[in-house]
Each structure stands twice: as C-alpha cells, then as structure tokens.
Student: 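Provided herewith is a single structure, encoded as structure tokens, for subsequent inquiry.
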Amino acid sequence: MKKCTGDTGEPVLQMITAAEKSSRPTPQFTNVADIYELVATAIDDVVSLHTLNGAFLFVSPSVQKVLGYLPSELMHSAITDLAHPSDLKRLRPLALMQQSRNKTRTIVWRCRHKDGHFLYLETKATLLVDNEGRPEAILCASRDVTERENLLAKLNASRKELTRQKRELERVNARLSTLATIDGLTGLKNHRVFQEQLEIEFRRARRYQLPLSLLMLDVDHFKLYNDTYGHLAGDEVLQHVARLLTLVARQTDFVCRYGGEEFAVILPNTPADGALALAERYRTTIASENWAFRPITISIGVASLTPEIQHRAELIEKADRALYHSKQNGRNRITHIRELEALLQAAS
C-alpha cells in the first residue's frame, strides 16, 4: 500500500505493485530481537526482562511514564525491590515458575513509584527457555491497574457493608419477631401466639377428630397481693408461676400468658379426663411451692372440644366460664365446663 493524494487533496491508500515492492529498500528491522525492542519501546505497558532471581536485565522506556524511573535506574535492582512489603508473597509465583515449568503467570501487586507512593500493576510473566527447554529468563509485561483495583476495593467494601447491614437487619428483625411473640415479663408465648396456636390445634382436632382441651388459669387474690407487697413482688410471683407451669407441662402442652395474672395451657390430643388430671398437677404444684410472703394458689377452668363447638372462641369462652365458677366457689380449685353445664341443665 502507498499514500497518494486524491481529487479532494486528502491522502488515500493505493496497492503497491510487486515491481514497486521489490524496488523499495529493505527495512532495518528484520531481526526478531530488533522488532521486540521496537515494540517494547512503542507500547505504554512496561516490558521488562529479568533473571530467574528477578533482577532487571532490560526495562522499556515506558517505565518512566508509569513508575517515574529511568530504565537505567532499575538496572542494578530486582523486581522485589519495588514491591510493597505485604505483596512480596504475590511475587512468589514468579520464582516458582522455573520449578513448575509454568509458561505464563498473571499477578496483581503493588509497586513503588519513584515518588514513594504505591500503585497496582497487573503483570503477565512468561518463562523463557533455551533450545533444550532450560529456564533462562522471565519476560514481564506490566500495566497500571490502580484505578481498577481501587474501584474493586470500594465495591468489596460496599459489599461487606451491605452484608453487615443485612445481618444487622436480620438480627433486629429476629429481635422484633421475638418481642412480638414473647411475653416480656414471664418469657412465655403471648396472647397473640396463643390465639394462633389454638386455631392450629382447633382445626387439626376437628379435621382428624382428635381430642383437644384448654386450661384457663388465674392467680388467686393477685390484686390484693400486689396492693400488699408491691408490684415488684407481684411480678416475681407471675414469673415464678410461669416457671412452675413450664416445669410441669408435657412436651406437647402449650403454655402462655393470656393477660394480667391469667395463663392458658393448650392440651392437644387430650380428652376431658386427661385435662382434669393435668390441671390438678398444675394446681398442686403451685399450691405446694414455698412462696416468699404468703401461699399462692391458682384457680383453673377446663373446656374440651365437643361436636357442638364450631369455633376456637367458643372453647375459650367455655374455659373462661369454668374458671369464673372456680373463683366464685372458693378458689384454688378446678372446674370443667361439663360440670357447670350439667348443673345448669339440672337446674332447668
């Protein structure tokens, strides 16, 4: 190809004929080594040749633009002399190339600029061997990737911060979930969870025709206890009652704080007679405990699922009526709703 001027005065390329080509002088750069040196001088990447120990044998003029050094200033040093102390281990693969006979390695490391600051270089190293395959030298091509590495560092820092914030959010959400389901004073499940769990057990019992009972428990004369010994002492009573109820409960029993001094226990797969026996265990455990100021007792109302009960609210209402009957008739006692309904039916 050759340049000429077209009609517009702009230079254009034309094909060079074979005759013209043969008549042109031969370029100087026919030696491969000359071509390599020309390329190394022309490109912006730093091209360097090193002994197997890393000492500089050659470095391209572009090193001054990238690192600030004149090539002659590096001729009596090694590549490790320029590395950040923390990145010396990153250069170790270069030393191992002659052992593993890996032809190429690419590493990213921090290199000291002449003015003292460090920048990131991405270095592609190639192991050069003689005709018999013995390692002779290491050829390196290095480019400045500081901007890229700083951006990656910022992205990694942002990713870590997002991960930290996510974990913190999960921790807070777990805490909020706990606060939403656990009674803060007693540590038992709260009224909301009681309603949800009773609905689950109620549906299961009706679907599979399983027995289900509910206990409603109330600490006797609790207001008087609070007024006499103070709210702090009253709180301690409720906490201790909760611990005792949990201690007595079977693995399948669901104990919760219903509200105030009132507790509830869901008894899955438990018919009326079994519920009464369990209620007695709860009652006697509380009554026999060694309390700080005066004896503490509980009254209990019991209701069991029957075909007539269509909603969980009806089961709660029946257990609550039975509890009221226990409190109105001496306290520290147990009433099953069937007893109360039998009395009412007999009275009518």
Side-chain angles (χ1 to χ4, degrees), residues 181-191 193-194 197-198 201 211-305 315-343:
T181 60
I182 300 296
D183 174 61
L185 178 64
T186 65
L188 297 176
K189 296 295 184 180
N190 60 20
H191 183 272
V193 181
F194 160 75
Q197 188 65 29
L198 183 60
E201 297 298 342
L212 173 65
S213 293
L214 174 65
L215 308 184
M216 300 293 288
L217 307 84
D218 191 275
V219 179
D220 294 328
H221 300 296
F222 184 73
K223 183 178 184 306
L224 178 61
Y225 190 97
N226 257 345
D227 293 342
T228 304
Y229 304 107
H231 289 281
L232 182 60
D235 287 347
E236 291 175 352
V237 165
L238 294 178
Q239 290 170 341
H240 196 39
V241 167
R243 286 193 293 270
L244 292 174
L245 294 178
T246 303
L247 183 64
V248 173
R250 303 171 301 175
Q251 188 174 3
T252 55
D253 294 349
F254 190 87
V255 183
C256 70
R257 186 181 182 191
Y258 192 77
E261 67 271 26
E262 197 168 355
F263 298 84
V265 183
I266 303 172
L267 306 176
N269 299 317
T270 307
D273 292 341
L276 286 170
L278 288 168
E280 181 60 16
R281 286 178 57 190
Y282 285 118
R283 187 195 67 79
T284 56
T285 298
I286 301 298
S288 61
E289 184 69 6
N290 186 20
W291 297 94
F293 298 110
R294 65 161 176 82
I296 297 295
T297 61
I298 59 173
S299 297
I300 304 177
V302 186
S304 300
L305 186 61
L315 191 65
I316 297 172
E317 187 272 334
K318 288 179 179 292
D320 200 48
R321 281 170 50 205
L323 171 61
Y324 181 79
H325 187 268
S326 291
K327 296 183 73 68
Q328 291 296 108
N329 289 270
R331 293 185 171 84
N332 189 25
R333 59 174 293 173
I334 303 166
T335 302
H336 195 292
I337 189 61
R338 68 183 182 183
E339 303 170 20
L340 181 58
E341 290 176 341
L343 292 174

Student: Should L217 and L245 count as side-chain neighbours, where that means a heavy-atom distance under 4.5 Å?
Tutor: yes
Student: Return all side-chain donor-acceptor pairs below 3.5 angstrom for residues 275-283, not counting sequence neighbours, or 'none' if the list is empty.
Tutor:
residue, atom, partner, partner atom, Å
E280, OE1, R283, NE, 3.1
E280, OE2, R283, NH2, 2.7
R281, NH2, V248, O, 3.3
Y282, OH, D253, OD2, 3.1
R283, NH1, N332, OD1, 3.0

Student: Are side-chain heavy atoms of F254 and V193 found at a separation under 4.5 Å?
Tutor: yes
Student: Just to verify, what does E317 make a side chain to side chain contact (heavy atoms under 4.5 Å, CB included) with, not counting sequence neighbours?
Tutor: R321
Student: What residues, two or more places apart in sequence or in another chain, satisfy ring-ring contact (aromatic ring centres under 6.0 Å, His included) together with Y258?
Tutor: H191, F194
Student: Do the ring planes of Y229 and F293 sit parallel (below 30°), tilted (30 to 60°) or perpendicular (above 60°)?
Tutor: parallel
Student: Restricting to side chain to side chain contact (heavy atoms under 4.5 Å, CB included), what partner residues turn up for A342, sequence neighbours left out?
Tutor: none
Student: Is there a donor-acceptor contact under 3.5 Å linking the side chains of T228 and R294?
Tutor: no
Student: Restricting to ring-ring contact (aromatic ring centres under 6.0 Å, His included), what partner residues turn up for Y324, sequence neighbours left out?
Tutor: none
Student: Tell me which one of V219, D218, L224 satisfies side-chain contact (heavy atoms from CB on, under 4.5 Å) with F222.
Tutor: V219
Student: Determine whether R338 and S304 satisfy the following criterion, side-chain contact (heavy atoms from CB on, under 4.5 Å), listing intermediate values before the conclusion.
Tutor: CA-CA 8 Å; R338 68 183 182 183; S304 300; over 6 Å; no
Student: Under 4.5 Å between any side-chain heavy atoms of E261 and V237, yes or no?
Tutor: no
Student: Who pairs with R331 by side chain to side chain contact (heavy atoms under 4.5 Å, CB included), at least two apart in sequence or on another chain?
Tutor: D220, H221, S299, K327
Student: Check H336 against A322 and note the closest heavy-atom contact, atom names and distance.
Tutor: C-CB, 4.2 Å
Student: Heavy atoms, side chains only, cut-off 4.5 Å: are W291 and V241 in contact?
Tutor: yes
Student: Within the 4.5 Å heavy-atom criterion, are D183 and K189 side-chain neighbours or not?
Tutor: no
